[in-house]
Structure formats: C-alpha cells, structure tokens
Amino acid sequence: MLGNGVKRKLDDDEDVLEEERRPPSGGVVFQTSSTRQTLLNMSLMKLYGPRPADLRLQRRVLINNVIQRIHRDFRQEGGGRRGALLLLFIDCERGRELPSASIFLLLFFLLQHPLLLDHLLLSPRTPPSPSPSPKDSFSSALEEIEELCPSSSSSSSSSSSSSSESPSPPLAQSHSFLTDFTLDDVLFTDIDTSMYDLGPSGAPPSKMAPMVTADDLVRSMSGFGATGGQNQPFKMDLAELDHIMEVLVGS
Amino acid sequence: MEEESDTRKINNSFLREHNYATEADIISTVEFNSSGELLATGDKGGRVVVFQREQESKSQPQRRGEYNVYSTFQSHEPEFDYLKSLEIEEKINKIKWLPQQNAAYFLLSTNDKTVKLWKISERDKRPEGYNLKDDDGRIRDPSTITSLRVPVLQPMDLMVEATARRVFSNAHMYHINSISVNSDYQTYISTDDLRVNLWNLEITDRSFNIVDIKPANMEELTEVITSAEFHPQQCHTFAYSSSKGSIRLCDMREAALCDKHCKYFEEPEDPSTRSFFSEIISSISDVKFSHNGRYLMTRDYLTVKVWDLQMENKPLETYQ
C-alpha cells in the first residue's frame, strides 16, 4: 500500500484506465476466465484500493456495474461460492467506516485460489450466535453460501431458490468466517447522514465505501499488534484475521 | 564570453524543449458563442480565456478565421468542503454563452459545484476632468476648486473587463457536468450525476429540482446522468443522457418533477459485440439538439450518433 505522501503516478493510472476502457480488438468477445479475473481485480483495486475518493460517481457506478456483471457471470457459471463471497465482501466493505485492508487483501487472494476458498468454506466451526432475521443482501449472500457449501458440487439453481427460503438450521453449521461479521457492521450508511459518520475522513456523497486516506490505510496496517487506542473496526479486523489464519493454517 | 553563449544556448533549448504549460493550463471545455465571433475556453486552473475572431480585412483575407485573445479572467477558485473533507476543484466543466442582447457579452461558467454568470464588457473611453478628484483619483481639496467643469469622455486603449454578476451555488450534491440556457432567455438548467436543477438567471438563492434519479437505496444505483440540454425552440422541453447510452426527452408541462420521460431513445445492444466493456463505452458524454430542434446528436466513447426525435428505437446515423 502507499505510504504517506507518496503520489500515485498519473501515467500508471492512465494506463490501467485505458486498458479498462479500450474496447476488445476487432469486436472479439472476451470471455476467458483470466481476462475476467484481471478485469475484476482491476475494478476492485480502483474501487477499494488506495484513494477511492478520487473517483467520480459516474466512474464508480460504471466500475461497480462491471463488478456486478462479473458477479452474475460467476453465479451463472456455477462458481456460486466465489460469487457469493464477492458479494459479501462488497457488502461488508460498504458497511464499514474504514476499510479493512487486510480483509481486502485476503479476499483478493482467496478469489484467485478457488481450491483454498473451498477448503476455507467447508471447514466446520461452531458459530458464536445465529444471525437475526434476514433482510438485505448480506443475509441473502449468507444463505447462498449456506445452500452451496453442504453440496460438494456447486449448483446455481439452489442459489436462486435460497433467497425465498427462510434461514434454516444449516445456518448452524455455517462458516464462522461469515458469522463473525455482525449485522451492526453491515449497516448501510445512508448518504444523507454522512456528516455524522465518525472517522477522520467522514463519508463522501458516494455510493461506495467511505473515503480512504493514505493515513487510514497506514494506520490500519500498523494497527495490528498495537494494544490500546484502537476503535471497534480495527479490533474486529484483528479478530477476523486471526480466525481466518487459524482456519488456513489448520490449527 | 564562452560561458555566456553556453548559457544562452542552454536557456534557448531549455525553453524550447520544456513545455512551460502546467497542469492548470489543460483546457477542460470549449464553447463558441452563437455568432462564432467569440470562443471561450475553460481550463483546469479555473480560468476562462475568451478569443475573438480577427476582423476581415481586404489586405489580408486569409487571416479571417484566426482568433486572438480577447479577455482572460479567473472564474473559479479551489474550495474546500469542510463537512466532507473534500477539495472542490476549480476546473471549469462547462461554459455556455447567453444570447447577446446589448453591447456586453454574458456567459455561464461552472465547476463541480458552483455556476457563475460573467459579464464581459469593453471600455474604450474614460471620463476626464472630474471636479472633486484628480485624474489619478486623489481627492481635491474643496477649497482649491474655483471653477466647475464638465467631465469629458476621452478615448483610451481598449480594455475588456469581466465581472461576476451572479453566483449560483449550494444546489448540487454531486459534480455538475453540464449547463444549458433555455430559449426563453430567463432560465437555465444545471445537471449533476443524479439531478437536474432549474434556475432563473436573476435569482441565485433558489433553484427547482426537475429530475431526480437518486434511488432510495444508493446500492441500487446503476445509471447516472451525464448531460442535459434544453430544446432550442421549445422552452418546456429538454433532454438528458445517461451512462447507459440512453437519452430521455422530458416535458416540463407534465409535472413539476420530470422523472417520467416523454421519449426514450436507446439503441438495443448488438449481442455479437457484447463484452465487458460494452456498457462503459456506451456511456454518452454529450448531447446536443440540432438548430431546428428535430434531431439530437450524442457522443459516446467510440461513436457519434444522430437521432430523429420521432424515432426512438435507433439512431438515424452512426459515425465511427
């Protein structure tokens, strides 16, 4: 991540943007998985990477549409876990006041290594508490993963029916990776109350994650290991990261 | 001696090879006035430079078509929004000329948040011979005045001065992308990503919102407004374009809030050319009516399209 005072080079960003906006040569349709993955990475980096506040609303909406489209492609192809995870990540990022850079990096990594992702999601853990009655996309994403994980082969048909079903006992065997996020964290801040948000940067009138300054990122990175003086989101990050590392390492 | 010539060489090549234009000089908008005599440019530094066409002269007929600098002024300054901790750029997004009604020229210029009305006027005469003050402006001691005189207008070098006559601010939460003056010459619209506001040119503390596409849940936002323009003759009709490649024509007589469009222009996507980028490149950046008001011209990333207002399902012409 960028440190304090390091200017992002205009050339680099221009190149990336040009790459994204350049149409496929000769009208060839890009459907290869690697291109899609690259595009997804690029879009996520633009939206949630350093300095997303520089993006105008129009750009954010267009990039978000690209992400949504890739997400739909994931689901259609039956990569439901990745799709749901992506959706969940986006939802949680929106709900947070400050980004969890570690979670971001981790999910990035996971999205590119599907085997690892499967292993992670299938590991049985007892959840601390079942989530309350569902509303909004967080719960539907949770349910999707519920539906998909018990079956070894992902099936997109079940994901479509999951939203109509009420939360069932399979919730109990869910991945605490997901239930560690309480609904408090996933409150979608309304744009009009942005002035009441805490944090040094406040929330701009945008639909995406609140503005991140380089300061925040550096603080969040260096916050791990520091003891007092952290506010709630940082503590949650640390706990989540610990848990995820535990699952990955298998201890 | 040798050192001096070396220095001169270095200076000359330095000046030639290094472009002293800074980022603030990047031109962000260009607009001719209705007669074509004046060309206004706005740049990233918040300045407006107006060029005037050279007068036709028989001795040098080929010089017609050249423009010289007529006036330069600082239209917008950078501001800081303390509530959101965001800097408001001074970059001029759009300039629109008002129809000329007297000797002065009027234009609207806007940055992301504020629209300003500027008056550009010429001064080529100066009054001289005041009674109460000297020609340099110093006040004369009344006891020294023994006779009265009438001030006389003397010619002077042409001076072009620009003054801000109106400031229209605090009406947009998002970035203003376009402005358009109505054919009634009394109102104009300013457009940001989600809303279109109607102003009266005389009134700066009030504007009416006539289009609002902001969804109740911002997560559902997938389309933004990119540009809007009034019809050249019908003062109740305007069109706005979106980031999804569609144009909506609205009639203000229908309702106070024109969320419901009268006409909807969109060319269906060609499935054979569908790709990840098709939506991004279909985003319309500008929309303009033809002079007779029967056609629309739109520009997206790769094409320029001409639409007939009577035909909504496809454009008349597409230029790539």
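Convention: sequence-line order gives letters A, B, ...; per-chain numbering from 1. Here the structure is a predicted model, which is why all the values come from computation and not from measurement.
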Asker: How far apart are the closest heavy atoms of B:Ile280 and A:Val66, and which atoms are they?
Answerer: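 In this case the closest contact between B:Ile280 and A:Val66 is CD1-CG2, 3.7 Å.
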Asker: Quick one: what part of B:Glu223 sits under 4.5 Å from any heavy atom of chain A, side chain, backbone, both or neither?
Answerer: backbone
Asker: Around atom CG of B:Asn170, are there more than 12 heavy atoms of other residues, nucleotides or ligands at under 6.0 Å?
Answerer: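 Result for CG/B:Asn170: open.
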Asker: Does the side chain of B:Leu221 reach to within under 4.5 Å of the side chain of A:Leu57, using non-hydrogen atoms?
Answerer: yes
Asker: Under 4.0 Å between a side-chain nitrogen and a carboxylate oxygen: does that hold for A:Arg56 and B:Asp193?
Answerer: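 Salt bridge flag = no for B:Asp193 with A:Arg56.
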Asker: Mind listing the closest non-hydrogen atom pair of A:Arg69 and B:Ser275 along with its distance?
Answerer: NH2-O, 3.0 Å
Asker: Given side chains that start at C-beta, do those of A:Asn65 and B:Lys244 come closer than 4.5 Å, heavy atoms only?
Answerer: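 The answer is yes; the side chains approach within 4.5 Å.
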Asker: Chain A heavy atoms under 4.5 Å from B:Leu194: which part of the residue, side chain, backbone, both or neither?
Answerer: side chain
Asker: Applying side chain to side chain donor-acceptor pair (under 3.5 Å) to A:Gln58 and B:Thr226, what does each step give before you reach the verdict?
Answerer: CA-CA 8 Å; A:Gln58 181 187 355; B:Thr226 52; 5.6 Å; no
Asker: Chain A heavy atoms under 4.5 Å from B:Asn177: which part of the residue, side chain, backbone, both or neither?
Answerer: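 No part of B:Asn177 comes within 4.5 Å of chain A.
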Asker: Flag yes if more than 12 heavy atoms outside B:Tyr82 fall under 6.0 Å of its OH atom; otherwise flag no.
Answerer: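 No - once you tally the heavy atoms of other residues, nucleotides and ligands closer than 6.0 Å, there are 12 at most.
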